[in-house]
S.K.: 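Handing you a structure now.
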Amino acid sequence: MGTPGNSTTGLNPPSQPPPLTDTEIIALAQNHHHLNNTISSQLPPFLLAESSHPILLSFLQSRAASVANCSADVSDYVSSLISLISHHPCAALSSLLPALLHAYLSLLTSHKIPHDRNSLSIIQQFVGHLDAIEIREIPKVIDLIISYFPQIKELEDAQVLILLPKCIELVRISNEIDKPVEYVSSVIDDLIECHWSNVLLIKMVEIVRDFASCIDKVRKREFLQKIFVKLREDVEMQDLPGLVYQLLVLATKGFGKREVIEGIVLYFGGANKVGSVMKQVEGTVLLHVNFAVKQDPSLGQEVLGLVRLDSRAFNHFTVTVLLSVARIRRFSESAIGILKTALFNAYKDYKFAKVCRWLSDELKEEYLENARAIEKAILKAVNASHFGREHIVPSIVQLGFGLLDGVEEGVQKEISKSDGLIGTEELGTQVLKCLFEVHNMSRNEIIEQCKYHVLSLKPEKCFPLIRLLGYLVQVHPHPMLEHMSHLKEMLDYFTFMDGRISYNLVTVLLPLIKFSRDLQDYIILVLRKAMFRRENSVRLAACSAIFDLLLAEKQSKPDGLFSFQESSSQASCSQQAEEPHASRADLFQELSGLLQRCLYQQANVRENVYHGIMKLVLVDPLSAGTIFDLLLSHFQRFYRENEELQLGIEQCIKLENGKFCIEEPLDCLLFCVSWILLLQPQNRSDHPSDSLPCFGFSISQDNEAGRNLSGESFSNALAQIRKFLRNGNLEGLLGKKQDSGSTPVEEEKRKCSATLLLGIVEVVMNIIVAELVKAANVQKLELETELSQFVEIHELVDKYTSNSRHGNGTKRPVVRPSVSDATDKLALGSTKQFPDRTPLLATSSIHQLLKLPLESWKLDNSKNGAASQKNSQPSSGKTRVLGSKILSSILHLCYHQLKLFSVTGKDDPFKTLIYGEIKLLGPPLLNIIFSLKSVPKSDMDLSKKEARGQKDVECRKENIHLALLALKKIIEISLSSTKYADLIDDLVSSYQPEEVSAVDACDDECKLAEGVDDRSTRSKELFLKNIKLLLDEFLEFSFVREAEILCDMVLMIGKKLPEERRNLVGSWATQLCRRSHVSKNSKISKCLVSVAVTLSSPPEDLVIAENMAAELLQVVGSEGTDPPVNISESFPVISKSTSAAISTTILQSVESSIADMDWITIRLKTYYTATQKGISLNQTGKMAPELAVEEILYSRAEAVVKVLSHFAAMNLKDPQAECLLRLAAKFYKNLARLSKLRIAPKGCKQLLPSPKYQSLVETTCRELTAPIYNFVARVQQNKEESNKTKGIANKIKRENRCIPDLVFQIEDYEKYLIQLSKITKVNLLRHAKRSTSRDFKIVEQSEETPEEQNPNEEADCDDNAAEDKSSEECGNANEGDETDGGHSPKCDSPVAAEDTEEEKEEEAALPQAKRAKTSRVVQDSDEE
């Protein structure tokens, strides 16, 4: 091939080959391309000569300088040259390629040629031929490209970046360049340090994946930081989806997945741009993330781990990403579970911070804001679900029902709405409500899931779902009607559901009956079937639902009356007109037969009928006559007007399965009738019977006469019963025979009869009180006398119900037996079981009863002031005897009423009638207490001289005790509900004793109610002043039980005060403990100490506990000290008789502090774990609350050490000794956790221990560790001395658990101290005491003989075995403690799992600790 060329050269002298023009070069390249000729000899000599290179490059410059169509000209020329070079590989043409590339890049970067698709094509051709360029020319290209970076403003300017990845890769693998890795690293540094425009950012994210293998981990992290910093500055929204996609690709190419996910989530979660466009962009980004997770599941794990570590990484976009990831099957449960866990943990953290008194208000607000942020993030994510993210709707449905499933009735009430938190149930409800309103496609799924959960969950978890259905029915009735099939299917399971759920299900669906007659008929059919079921609970629910159906039907009519003409003529304001109801008979008459059947059911079903009738009359008073007609024939079965015993109590009792039970609740029937009669007169004038249609027909005179006849029959019967009970033979009515003794069966029957009769007496008392309110002055005295008689009758009948009084003055509950299952004792709509008989005595009646003794004392005082001392004494004695005789019974009734008020369900129909005036009871109770205690000192001293005086004092004490119990219940009701918060205000305004001002004038330590603007706080503190006065007097007179109740009330009210005001009460209680007249009763002393410690603000609470513990040490005594004293001088409340009770109280307060430490330690572990993994949890820039609370924790722990050190020096007996061992083990366990957290893991910087931590370690080693070892030795010595004591086996078992556990925790704590000391070079064990041998004792021998050495060697073997066994017991005890801790994480929790794994790794790394036995000390080996 080279022969012709050589011959030509030989014949002619060397000369310049004839030049070619640029046009000829382009044509030549085209011809070669068509002919596919690769023979280099066919090329013109001009192209093969290196001297032609300047000419060829000049053609490029000339074409670039031309004005017309320079882009195409340059592109054609350069493309032709590249084509010729690629098809004719020779040295001359190959040397032309780098010069051509450099020249073209110079023209392109200097903007002498346009940046268009032609230039992009040329750049791409150069990329394919970079391998042919000499490697030493590549760095020049790289430098030229990097120098061009500041000029890149438009997307077309970034075309040259296509060359960069290939150039960097060629340099990295080259052997001809010195230090290629360092050069590449310098190039990457230049890329990171230079300024990036938006276009450059987009292009860099796109190309960096091509040379990712050339970048180390540190520079990758810096590269990502540069990207996200630039991303936050100013990037067009339309560029965001592409950027995110490229970032997700980078995550799969070796860049940090955690950093990529965290950056994306935090950017979109904190983006300030709002609007529909941004939401659409987020929707597109979600699809990219979802696709990336499907391709690389490890990205999904990073998303889950970001939120699992700490909830502060939470924002609305995090929620949306998790919901999107939840659409992937493998992440479905875990993603939703993490969302719920983050929310529940935020609630738990705030709940703890709210009650933890030694946390600052700023920290409490921080936890509150964290919980609010999570709630807002979830709601924001749900509200934006219709902006291009419909694929997450099923996940939102799953989340909503997951939140509702996590709610148990009564548990979420702890989250207060006043704190601004929504709560789990309300949040889940709002999520599903929003979906139902916005996404039509989700409605069927929501209704279907409601049906599934209601039929499958426990009853306690179904109430939120029922309430959700009720809301949807109320707000969206017509969309709900579209899913009628699902609703009917739920109704089909009525007889298989829990009674409470089935009843509430029917109730929430009742608003739909005015739109659908078919649904109403279906409900009636279901209820009819239910009434024929054998299960009593089903019939009970059906009976209640029947009356709710009747009420709903009546309330849907104007004025609560049936007027089909009016209702059908009015159009509905809804989107869909109401279905016109056809004319039909009245629903009450239609169901009257079913109601008649209910009157022959069990007792609780009949009670429900009477309750429902009362609700019916309250809605429609004109239905009273028809109801009387319904009940009259039934009532006449148990009432005989002309017989001696008018009430057929025996007919109301039934023998079933060998036991008597109540078949007919006659007292409830009479209660129902009496209230209807009471309501009738005041309503007849409002609704004239001759002008309104009722029950489907006009009220004619005949109907009215019949109606009046039934009402008068009941009225006369009640009057006769009232007269009979006042004058009749009650023992005969109860079936008690005077001649014969009582058998157990007769006693049981008599109890049932007395229970019924007790309710009938209460009904009559209600009637008398109603007449007393309206009576004139002349009649009032007679009615009050009659009322007093019925109080005595009530007390007499009450004796037959076996209400024997206990030592605390309360009564044994009266349980009404009925033919029902145990489950039927649960009231509908409530989760609480009623242990007591429902009282029928109204609160207004009890109020009138409480006024009787007050008026009697007032009359007595007026007579004493008007008459002479001699003539007034008999009258005074008579009046007081009369008041004391009935006061005890009245106070029993009052306490029983208040006790049942706290457990009665909110939907109970009796609550409005019976408990409506509950606030009336407080003022007379307080007046009775102050009246009873205001007895002169001489009268109290009478008890020492006369038996009559002693009986009077005991009677007063008993009545004061009952009144205080009732008052305590009122305080509980007031503090438990904001609805009754003004009860304390009424108590304060009703009574202000004159002595209070005198006491407060000399009380400088407690300035209660001074400078307080809040009305509620001021009322509480004023009431506490009254209690202070009473408490001082009760302590003086040694009223032990009464003073104990007052201390409980002080504690309840004090906990509700603000922290600074609460401390005043604690200071007062502390001063009271220092007074010498304090009772030496252990119960009172325990209460006073509890108030003083609990209501003192931290750190003062533990200071008081430490001072009292020091005094306890003097009273209890210790080894090697002075003999114990009988009573403390600083705190006279501490004595020999009270030391055990006070020790228990102080240890309980310390236990609460240790429990707080346990929770905070877990939070610190979570925080440090996230920080060490490099996750930026805090988006606000504020200091994490865990760092702020850590220093407080050290101070608190040091105060606990000082308290426990005093107890460790005492000669404690069980159970205080066992309690101390258990608390010390928990405390050292927390110290070990804290010490472990101070040790930085591999790859993290080790920080020096803070001064407070070092102080804690020093104080613990010096003041607690050594004394606790001595205490353990004393306990074991006492155990050995009492081995033969009866019953010692259980005690030994307990100590065998406590002592090894304590020793293990101490040694575990010291193990981490040793590690931390070695790492930080800080001696933390300066004051540590070496652990002694507890499993054996080596007795030193002064003279050893050869014969004695062998037994010693055998003993050493036995000692080693015993030591191994003890270590095993310590491990087992520690495992038990891990599971029993109240605040410890569960075994399946992430924190617990991680902690266990770390401990296993450390135990595997550390060699087993070896002990070198000496005479009395087991020393730690150097390896440990």
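Atoms considered below: every heavy atom in the structure, side chains included; atoms not considered: hydrogens, waters and symmetry mates.
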S.K.: Might you point out which heavy atoms bring Ile122 and Ser75 nearest each other, and give the distance in Å?
M.R.: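 Taking Ile122 first and Ser75 second, the nearest heavy atoms are CD1-O, 3.5 Å.
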S.K.: Is any side-chain heavy atom of Arg389 closer than 4.5 Å to a side-chain heavy atom of Thr320?
M.R.: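 With C-beta onward as the side chain, the pair touches.
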S.K.: Do Thr318 and Asn315 get their side chains close enough for a donor-acceptor pair, meaning under 3.5 Å?
M.R.: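 Indeed, the side chains of Thr318 and Asn315 share at least one donor-acceptor pair under 3.5 Å.
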S.K.: To the nearest 0.5 angstrom, please state how far the CG atom of Leu163 sits from the CD1 atom of Ile123.
M.R.: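 Here the interatomic distance stands at 5.0 Å.
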S.K.: What distance do Leu191 atom CG and Leu164 atom CG have between them, rounded to the nearest 0.5 Å?
M.R.: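 Answer for the CG-CG pair, Leu191 versus Leu164, is 6.0 Å.
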S.K.: Any heavy-atom pair between the side chains of Gln301 and Pro297 that's under 4.5 Å?
M.R.: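 Not touching, per the 4.5 Å side-chain cut-off.
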S.K.: With sequence neighbours left out, which residue pairs that include part of residues 165-192 fulfil the ring pair (Phe, Tyr, Trp, His ring centres under 6.0 Å) condition?
M.R.: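 Every candidate ring pair (Phe, Tyr, Trp, His ring centres under 6.0 Å) pair involving residues 165-192 fails, so no pair, neighbours aside, qualifies.
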S.K.: Please list all pairs passing the ring pair (Phe, Tyr, Trp, His ring centres under 6.0 Å) test where one or both residues lie in residues 203-241, with sequence neighbours left out.
M.R.: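 Residue pairs with at least one partner in residues 203-241: Trp196-Phe223.
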S.K.: Of all residues at least two apart in sequence or in a different chain, which pass the ring pair (Phe, Tyr, Trp, His ring centres under 6.0 Å) check with Tyr77?
M.R.: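 Per chain and number, Tyr77 pairs via ring pair (Phe, Tyr, Trp, His ring centres under 6.0 Å) with no residue.
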S.K.: Name all residues meeting the salt bridge (Lys or Arg N to Asp or Glu O under 4.0 Å) criterion together with Asp131; count only those two or more places apart in sequence or in a different chain, and write none if there are none.
M.R.: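 Scan of Asp131 (salt bridge (Lys or Arg N to Asp or Glu O under 4.0 Å), adjacent residues dropped) gives Lys166.
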S.K.: Would you name the heavy atoms of Ala381 and His316 that are closest together and state the gap between them?
M.R.: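 Reported closest heavy-atom pair: CB-O, 3.6 Å.
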S.K.: Any side-chain to backbone donor/acceptor pair from Ser83 onto Ser79? Under 3.5 Å, distance only.
M.R.: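 Flag not set: sc Ser83 to bb Ser79 has no pair under 3.5 Å.
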S.K.: Is a salt bridge present between Glu282 and Lys279, judged by a nitrogen-to-oxygen distance below 4.0 Å?
M.R.: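 No, this pair does not count.
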S.K.: Can you list, pair by pair, the side-chain donor-acceptor contacts under 3.5 Å of residues 243-253, counting residues two or more places apart and other chains?
M.R.:
residue: Thr252; atom: OG1; partner: Val249; partner atom: O; Å: 2.6

S.K.: Distance check, rounded to the nearest 0.5 Å: Glu259 atom CD versus Ile227 atom CD1?
M.R.: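 If we round to the nearest 0.5 Å, Glu259:CD and Ile227:CD1 are 12.0 Å apart.
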S.K.: Tell me, please, which residues at least two apart from Ser324 pass side chain to side chain contact (heavy atoms under 4.5 Å, CB included).
M.R.: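 Once residues adjacent in sequence are excluded, the partners of Ser324 under the side chain to side chain contact (heavy atoms under 4.5 Å, CB included) criterion are Leu286, Asn290, His391, Ile392.
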S.K.: Test Val303 against Leu299 for side chain to side chain contact (heavy atoms under 4.5 Å, CB included), laying out the working first.
M.R.: CA-CA 6 Å; Val303 174; Leu299 285 175; 5.7 Å; no
S.K.: Do you know which two heavy atoms are closest between Gln159 and Ser119, and how far apart they sit?
M.R.: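 Residues Gln159 and Ser119, closest heavy atoms: OE1-OG, 2.6 Å.
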S.K.: Report, one line per pair, each donor and acceptor closer than 3.5 Å where one atom sits in a side chain of residues 147-156; sequence neighbours left out.
M.R.:
residue: Ser147; atom: OG; partner: Asp143; partner atom: O; Å: 3.1
residue: Ser147; atom: OG; partner: Leu144; partner atom: O; Å: 2.7
residue: Tyr148; atom: OH; partner: Asp157; partner atom: O; Å: 3.4

S.K.: Applying side chain to side chain contact (heavy atoms under 4.5 Å, CB included) to Cys194 and Ile146, what does each step give before you reach the verdict?
M.R.: CA-CA 9 Å; Cys194 69; Ile146 293 178; 5.8 Å; no
S.K.: Taking side chain to side chain contact (heavy atoms under 4.5 Å, CB included) as the definition, give me every residue that meets it alongside Ser332, ordered by chain and number, with sequence neighbours left out.
M.R.: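 Gln398.
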S.K.: Just jot down the side chain to side chain contact (heavy atoms under 4.5 Å, CB included) partners of Glu176, sequence neighbours excluded, or say none.
M.R.: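 By the side chain to side chain contact (heavy atoms under 4.5 Å, CB included) rule, Glu176 matches Ile135, Arg136, Ser174.
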S.K.: Would the number of heavy atoms belonging to other residues, nucleotides or ligands and lying under 6.0 Å from CZ of Arg117 be above 12?
M.R.: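 No, the 6.0 Å shell around CZ holds no more than 12 heavy atoms from other groups.
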S.K.: Kindly give the heavy-atom pair with the smallest separation between Phe314 and Ala342, and that separation in Å.
M.R.: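 Looking at all heavy atoms of both residues, the shortest contact is CE1-CB, 3.5 Å.
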S.K.: Only counting residues at least two apart or in another chain, list the ones meeting side chain to side chain contact (heavy atoms under 4.5 Å, CB included) with Gln280.
M.R.: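 Applying side chain to side chain contact (heavy atoms under 4.5 Å, CB included) to Gln280 gives Phe387.
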S.K.: Would you say Asn198 and Asp239 make side-chain contact, with heavy atoms under 4.5 Å?
M.R.: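 No - every pair of side-chain heavy atoms lies 4.5 Å or more apart.
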S.K.: Within the 4.5 Å heavy-atom criterion, are Phe268 and Met278 side-chain neighbours or not?
M.R.: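 Yes, close enough: below the 4.5 Å cut-off.
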S.K.: Give every residue pair that meets the side-chain hydrogen bond (donor to acceptor under 3.5 Å, both in side chains) criterion with at least one member in residues 220-229, sequence neighbours excluded.
M.R.: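 Pairs touching residues 220-229 that pass the test: none.
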S.K.: Distance from Lys1321 atom NZ to Lys1318 atom NZ, nearest 0.5 Å?
M.R.: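 Going from NZ on Lys1321 over to NZ on Lys1318, the span is 9.5 Å.
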S.K.: Nearest 0.5 Å please: distance from the CD atom of Gln238 over to the OG1 atom of Thr284.
M.R.: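 With rounding to 0.5 Å, CD (Gln238) is 12.0 Å from OG1 (Thr284).
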S.K.: Out of curiosity, Asp296 CG to Lys257 NZ, how far, rounded to the nearest 0.5 Å?
M.R.: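 Reported to 0.5 Å precision, the distance equals 3.5 Å.
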S.K.: Which pairs would a plain distance check flag for residues 98-114, meaning a side-chain donor or acceptor within less than 3.5 Å of a matching protein atom at least two apart in sequence or in another chain?
M.R.:
residue: Ser106; atom: OG; partner: His102; partner atom: O; Å: 2.8
residue: Thr109; atom: OG1; partner: Leu105; partner atom: O; Å: 2.8
residue: Thr109; atom: OG1; partner: Ser106; partner atom: O; Å: 3.3
residue: Ser110; atom: OG; partner: Ser106; partner atom: O; Å: 2.6
residue: Ser110; atom: OG; partner: Leu107; partner atom: O; Å: 3.1

